[in-house]
Amino acid sequence: MGQLKMQMPAGLNNGIEDQFEQCGAGYPNKTTIACMINAEIGSVLAVMRRNVRWGVHYMSDDDQSEHFLVQSLKTLRKQIFSWQDQWHSINPALYLQPFLDVIQSDETGAPITGVALSSVYKILTLDVIEQNTVNVIDTMDLVVDAVTSCRFEVTDPGSEEVVLMKILQVLLACVKSKASVILSNQHICTIVNTCFRIVHQAGTKGELLQRIARYTMHELVRCIFSHLQEIDIAETPKQEISEVNNELASASRQLENGSLNSAYGGQPLSTSLASSTAYVGTITVMPENITTASSDKESDLRELQLMTEPYGVPCMVEIFHFLCSLLNVVEHMGMNPRSNTLTFDEDVPLFALSLINSAIELGGPSFRHHPRLLSLIQDEVFHILMQFGLSMSPLVLSMVCSTVLNLYHHLRTELKLQLEAFFSCVILRLAQSKYGASYPQQEVLMEALVDLCRQNTFMVEMFVNFDCDISCSNIFEDIANLLSKSAFPVNNPLSSMHILALDGLIAVMQGMADRIGNGFVSSEHSPVNFEEYIPFWLEKCENFGDPNEWVPFVRRRKYFKRRLMIGADHFNRDAKKGLEFLQGTHLLPDKLDPQSVACFFRFTAGLDKNVIGDYLGNHDEFCVQVLREFSRTFDFQDMTLDTALRIFLETFRLPGESQKIHRVLEAFSERYYEQSPHILVNKDAALVLSYSIIMLNTDQHNVQVKKKMTEADFIRNNRHINGGNDLPREFLSEIYQSICKNEIRTTPESGFGSPGMTPSRWISLIHKSKATAPYIVSDSKAYLDYDMFVILSGPTIAAVSVVFDNAENEEVYQTCIDGFLAIAKISAYYHLENVLDDLIVCLCKFFTILDPLSVEESVQAFGDDTKARMVTETVFTIASRYGDYIRTGWRNILDCILRLHKLGLLPTYLASDAVDESEPSTKTGHGKLKSNSLSSTRLQSISTPKRSSGLLSRFSQLLSLATDEPRAIPTEEQLAAHHQAVQTIQKCNIDSIFTESKFLQAESLLQLVRSLINAGAQSQKRNKKSQIEDASVFCLELLVAITLKNRDRIGLIWKSVYEHISNIVKSTVMPCALIEKAVLGLLRICHRLLPYKENMADELLKSLQLILKLDALVADAYYEQITWEVSRLVKANASHIRSHLGWRTITSLLSVTARHLEASEVGFDTLSFIMSDGTHLLPANYILCIDAARQFAESRVGLVGRSIDSLDLMAGSFNCLQKWTGDAKQAAKEEEVEKMLQDIGEMWLRLVQGLRKVCLDQREEVRNHALLSLQKCMTEAVETRLPCDLWLQCFDQVIFTLLDDLLDIVEEHSQKDYRNIEETLVLAMKLLFEVFLQLLQELSQLETFSKLWVGVLSHAENYVKAKVRGRRIEKLQFLVPELLKNTLVVMKLKGILVENSDLWELTWLHMKDIVPSLQSEVLQEQLDQKQIESVAKLEHDSNISVPSNETLGQDGAVIIG
């Protein structure tokens, strides 16, 4: 938008601009100010003209004259527009004085005075008067003096209150103005005193005045103390003065003589004089009656000079003194703060405390830079807070707590022992009902404590500075115990107090949880141990600002303290045993010395003062030395005798025997005289006076003493004790008054718990605070959270659990859940497994669904129960996040999972990983569906009960009409409850516990596995069969799933898993789902893990022997499934099975299938996979596979073709032997070659032995095929050059045995059992001679050749004579002679059979019984060429199998068709 610009003459426009320029930055326009002041003059004159008194006066000479007040105002009006200088260059007294004269005049009424005050206020707020204004100091002095000495006529109460409010307004404006910095200390004291007097007078006035007066007082204090931060610290020592201005105290002294509404100085603040005037009296610099120990003029002059300097610390000191004096009224009035009730107006202490709190808020940490102010806070202010901390008024108590909170924030490093005293004697005492505190008191204190706990480092600092300090009480532990106990709703409903305590506990836990990740790298959780004596009182920290220094230091100190507490307990029961215990823990030297024992007495908290007193008073020389050393631990410098005696007797109880008292006081007097020889001339004087003080204390405070000692008596009793001279009367009088006022008490008040803060204790505390260890300030790092959490965790878990149990509010539920999660986080971070387990146990107690409701009712109850759902989410959140550190807690978690499983609320895929990628096909190898109904469902997941098939299955049941009785349609409430339940379970992500188990730490994983095993075992012991199978199978599937997920750590859990499955196998005698899952799970584990765990392959495969131990019924029911699994295992892992032990298990399982109809096909297929190509045949499994194949060959289950195929597998395996032989011959070392060839020979022997057994089979096809296969294996073995010894074994154990067994069959069995056995005998005989002829050359070299040859002849003879159905076998009658003839011819040609040799004679001796005519034929020198060719051909074709249709030629030679 545009801006309208007025057209003005150039000269006028320039003049205005010049005026603005002359104003300068920060100053109002000069003309504007003049106009404002002119308006104020007019206002005052207008009000004055209402009264005739201020009109025109006519004198006797008829001259007109005006009152000087009116005249001065009019004169000012004439001048203000004529001043040419800038306003800051004009003396403000010129335009303020007329108004100030009106204010000070006692002739003006309240309305006129009020307007004049308003004018002064307006001028002050124009910011014309500032630090650089001309004559500003005198001006501000005039203003303060005029306003504080304001006089006016009281016309009505209303106008009087208006004037008082205007006075407050102007005084506050003075302090807030820019020129306030030049106000002197005296000015500030005067202003504050005036304001307080108005506050005091307002008690009889209206409510508005009261509120404004108090508000003004607050603002004054805030303005004054906000200036503290600007005071130059370097100037502070100049301001450290003794008490100077006592006139603020005079304001409080008038309170000591009456109530707040009493007259001030005998007169009301607003008095009605003869002229009905009222005034606020002026304040003098010095009090009316000053009584000081010294009247030094220089000191007085210095004090006056300081009070005239710009305001700073001196006036603040006096304000603090004044406020403390207000609060000391209670004591002066004889009121005991502990019994303080609202009969004493709580308004005054509340007002004074709020002012103190405001001062501390504004001054903040600046107080520590000003020793006098700090000393006031440390002593007088905090002592008053201690007193009013026992107030019955919740308002007062709340203000005390707020003040202490501010002090903690700003000055805790300077208030270590004071804070300890406040916590011990106020909060920790009164927050418990057993000490007689009212509920409002307890609630206020609990709120204050919780506010402190919410401070990030509060509890850390409590632990570091108090619990780890041997001379301090355990504030941290006491607060923790208080909060945990206060959270327990014992026999009462949950109240706000319980919730408050809960908030405090959880705030502490959340603080620790938030500090996780900001840990202290050098922190160690290992316990501190010392092997040698260390003087604990000499332990020091070089740098309390460096955590690397103070953290180990406080840990050591805490260890000392803990051991000292135990030692103190022993000492309190028996002093001697207590000292011996401390020697054993190296806290005292092996050889006691007086100093160490004295320091133990002096610095150890918790010792029985009676026991210490008796020990120190003992006449034993060592005890006397301890007493002297004990007294030397005190510092009595610059301390009065009675104060020193109080401090000394605070540490023990003075014995009752006079001799012991004398020894104790003598040691005290000697020490006191050493350090304070100012008044007393020798230690004897100190001893006598100490005795006198003890007697006076008894006299004054013993109720049995009726006639009390007077001050004169006390002074008279102590004449001439100071080296023959008298002590100063004032000195003795001061001691008398001190003892009369405050009893020397060394024991706590009876029936009041821990000792209260008596004056003696406070004096001792202030003295002790000067030498105590520095207050350690902690930052946001977790330096000692581990140590704190160990102490706090147990009570916190119990308290939060009880509150959670009794709560009925979702907000409280969530608070408790937050606490549980914080505890879990901390426990996991510090690896405190036992704490985490305890937490889980507590949480799982709230998971109480199912009993005694039905399933449907339980689901609905679970969905409706917010607490149960929140607990469920919390438990599984903890399990997912912190599973690494759960140990025994897994049992409880699994119990919850089983309950949810029983309800059908778990997802169906929870344990599906156990069968993942492992389920066999539902079809057989030939594509036919399996007939066994169990087979079609046996591998379905049983992660949920049969009645439930998914997350919405429960309502499928509710809606199902398949039952006999129709179910009711679920209501909307039921649907909502079920939906809530399902959503809760989905949020839990229960499956992640098992799918992510591979990331669990080893110990946690082991505990999870054990818990699953125990849960499954317990389920088996229950009564209901369906539940047994259901829960046990579910646990087993989870166990298998975990095992498969942890293949890299299978060695850790395998033993437990195997033992569990073994127990199931051994205890099951009937088919059931549990045994099915156990066996198939075991197979799947082996299947999945063999490729990754070759070092455990033997152990894994050995476990499969459990299958061989199955009960017959169980094995029959599941062997087909087992075989399928074995087949898959072998086909997938054959290359990973290399040991004999592993293959023995596999072949044993396959061998069993040979006798099982349904399983034999798969079993044989698996064996064929191993043997067919020779790829998986190894020396380790060769014999085992041969035996398995033999069993399939001998098995009559299935078709004959399978047996034939088995024989072919056996015969074909000889190729592997040949290959291995070739490889062995290439080995570098002869020893290895020999060993390998020997092993191969053994395997070949086992092969032919296996074939020999099948040659006896009743089935002709199998029997004959076995003989042919045997012949093939033997004839092919000739080329392998097996050792002759092995061939001798072969003849003895295989060929001869086979021939004998066949003859036995002929003799013992009928032809029906062994059809066409004659053919088998023929083949066997051919086998004998064929092998013999091929090996003739090698065998003939043996010494035992004759024996072998005799065996051949003997078996030939037996076969020639063999009879079937009473007749000899025709084929053998022709075959045997021909075979013998050919053999003899060959032997003759090769020079083996030589005439007239022993072999020759032996041969023909046997031939006489077989074919006598053969001798003449063999002796013929010339052989028919045809016979030679026939023999040659026989030798050449000896390795060719002879078919069953071969015949004999006419000449008896073998003719191969």
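The figures here come from the full heavy-atom set of this structure, side chains too, leaving out hydrogens, waters and symmetry mates.
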(message) When you compare the side chain of P774 with that of T413, does any pair of heavy atoms fall below 4.5 Å?
(response) no

(message) Between F463 and E477, does the side-chain contact (heavy atoms from CB on, under 4.5 Å) criterion hold? Intermediate values first, please.
(response) CA-CA 8 Å; F463 181 76; E477 288 190 34; 5.7 Å; no

(request) Say whether, by atom type as modelled, one donor and one acceptor occur between the side chain of R515 and the main chain of N456 under 3.5 angstrom. (result) yes

(message) Looking at every non-hydrogen atom in both residues, tell me the closest pair between G617 and V664 and how far apart they are.
(response) CA-CG2, 4.3 Å

(request) Quick one: pull up OH in Y786 and CE in M512 and give me the separation to the nearest 0.5 Å. (result) 12.5 Å

(request) Please report the shortest heavy-atom distance between S764 and I647, naming the atom on each side. (result) CA-CG1, 3.7 Å

(message) So which atom in L445 and which in L430 form the shortest heavy-atom distance, rounded to 0.1 Å?
(response) CD1-CB, 3.1 Å

(request) Check for a donor-acceptor pair, side chain of E420 on one end and backbone N or O of S473 on the other, with a separation under 3.5 Å. (result) yes

(message) Can you give me the closest heavy-atom contact between A598 and F630, atom names plus distance?
(response) CB-N, 3.5 Å

(message) A side-chain contact here means heavy atoms from C-beta on lying under 4.5 Å apart; do M565 and T604 qualify?
(response) yes

(message) Please report the interatomic distance CG(N572) to NE2(H570), rounded to the nearest 0.5 Å.
(response) 10.5 Å

(message) Quick check on salt bridge (charged side-chain N to carboxylate O under 4.0 Å, His left out): which of K768, K416, R556 does D469 satisfy it with?
(response) K416

(request) Look at the side chain of R671 and the backbone N and O of F634, then say whether any donor-acceptor pair between them is shorter than 3.5 Å. (result) yes

(request) List the steps, then state whether side-chain contact (heavy atoms from CB on, under 4.5 Å) holds for F422 with M386. (result) CA-CA 6 Å; F422 186 81; M386 293 286 295; 3.8 Å; yes

(request) Would you mind reporting whether Y830 and D785 have side-chain heavy atoms less than 4.5 Å apart? (result) yes

(request) Find out whether L505 and L792 are in side-chain contact, i.e. whether some heavy atom of one side chain is under 4.5 Å from a heavy atom of the other. (result) yes

(message) Using 0.5 Å steps for rounding, measure from the CG atom of L765 to the OG atom of S769.
(response) 6.0 Å

(message) I'd like to know if the side chain of D503 and the backbone of R454 have a donor-acceptor N/O pair within less than 3.5 Å.
(response) no

(request) Begin with the C-alpha distance, continue with both residues' side-chain angles, and end with the deciding distance and a verdict on ring pair (Phe, Tyr, Trp, His ring centres under 6.0 Å) for F458 and Y408. (result) CA-CA 9 Å; F458 170 74; Y408 167 79; 5.4 Å; yes

(request) Quick one: pull up CG in L588 and CD in E580 and give me the separation to the nearest 0.5 Å. (result) 11.0 Å

(request) Could you tell me whether a side-chain N or O of R555 sits under 3.5 Å from a main-chain N or O of L784, the two making a donor and an acceptor? (result) no

(request) Show the numbers, then the answer: is there a side-chain contact (heavy atoms from CB on, under 4.5 Å) between V554 and Y783? (result) CA-CA 11 Å; V554 297; Y783 297 114; over 6 Å; no

(request) Give me the one residue out of L385, L397, V381 that meets side chain to side chain contact (heavy atoms under 4.5 Å, CB included) with L353. (result) L385

(request) Mind running salt bridge (Lys or Arg N to Asp or Glu O under 4.0 Å) on E666 and R663 for me, showing each step along the way? (result) CA-CA 5 Å; E666 186 177 25; R663 279 190 287 271; over 6 Å; no

(message) Could you measure the distance from the CD atom of E1003 to the CG atom of D884? Nearest 0.5 Å is fine.
(response) 11.5 Å

(message) Show, in sequence, the C-alpha distance, side-chain angles and deciding distance for S486 and M446, and conclude whether the side-chain contact (heavy atoms from CB on, under 4.5 Å) test is met.
(response) CA-CA 9 Å; S486 300; M446 187 60 69; 3.3 Å; yes

(request) Report yes or no: does K558 contribute a side-chain atom to a donor-acceptor pair with the main-chain N or O of D467 at less than 3.5 Å? (result) yes

(request) Show your reasoning for whether ring pair (Phe, Tyr, Trp, His ring centres under 6.0 Å) applies to F466 and F423. (result) CA-CA 11 Å; F466 302 120; F423 292 133; 7.1 Å; no

(request) Report yes or no: does R653 contribute a side-chain atom to a donor-acceptor pair with the main-chain N or O of K609 at less than 3.5 Å? (result) no

(message) Treating S375 as the side-chain partner and R372 as the backbone partner, does any N or O pair qualify as donor plus acceptor under 3.5 Å?
(response) no

(message) Would you call the rings of Y672 and F636 parallel, tilted or perpendicular, taking 30° and 60° as the class edges?
(response) tilted

(request) Can you establish whether the number of heavy atoms outside R412 located under 6.0 Å from its atom CZ is more than 12? (result) yes

(message) Using side-chain heavy atoms (C-beta onward) and a distance below 4.5 Å, is I360 in contact with F225?
(response) no

(request) With the side chain counted from C-beta on, respond yes when V313 and V317 share a heavy-atom pair under 4.5 Å apart, and no when they do not. (result) yes

(request) Look up atom CG in L373 and atom OG in S366, then write down how far apart they are to the nearest 0.5 Å. (result) 10.0 Å

(request) Compare every heavy atom of C472 with every heavy atom of N465, then report the nearest pair and how far apart it is. (result) O-SG, 4.2 Å

(request) Please report the shortest heavy-atom distance between L582 and G567, naming the atom on each side. (result) CD2-CA, 3.9 Å

(request) Decide yes or no for E361 and N357: does some side-chain heavy atom of the first lie under 4.5 Å from some side-chain heavy atom of the second? (result) yes

(message) Going by the rule salt bridge (Lys or Arg N to Asp or Glu O under 4.0 Å), which residues pair with K825 if we only count those two or more places apart in sequence or in a different chain?
(response) none

(request) Please confirm whether the backbone N or O of I766 pairs with a side-chain atom of Q378, one donor and one acceptor, at under 3.5 Å? (result) no

(request) Would you indicate whether the side-chain heavy atoms of L665 and L645 approach each other to under 4.5 Å? (result) yes

(message) I want to know whether F544 and F553 have ring centres closer than 6.0 Å.
(response) yes

(message) Once you measure the plane-to-plane angle for F600 and F571, does it fall in the parallel (<30°), tilted (30-60°) or perpendicular (>60°) bin?
(response) perpendicular

(request) Return yes if a side-chain donor-acceptor contact under 3.5 Å exists between E230 and H227, otherwise no. (result) yes

(request) Could you note down all residue pairs passing side-chain hydrogen bond (donor to acceptor under 3.5 Å, both in side chains) where residues 633-643 supplies at least one of them, sequence neighbours left out? (result) R602-T633, D635-Q675, T640-D642, T640-T643, D642-S738

(message) Quick one: does any side-chain atom of E461 pair with a main-chain N or O of V777 as donor and acceptor, under 3.5 Å?
(response) no

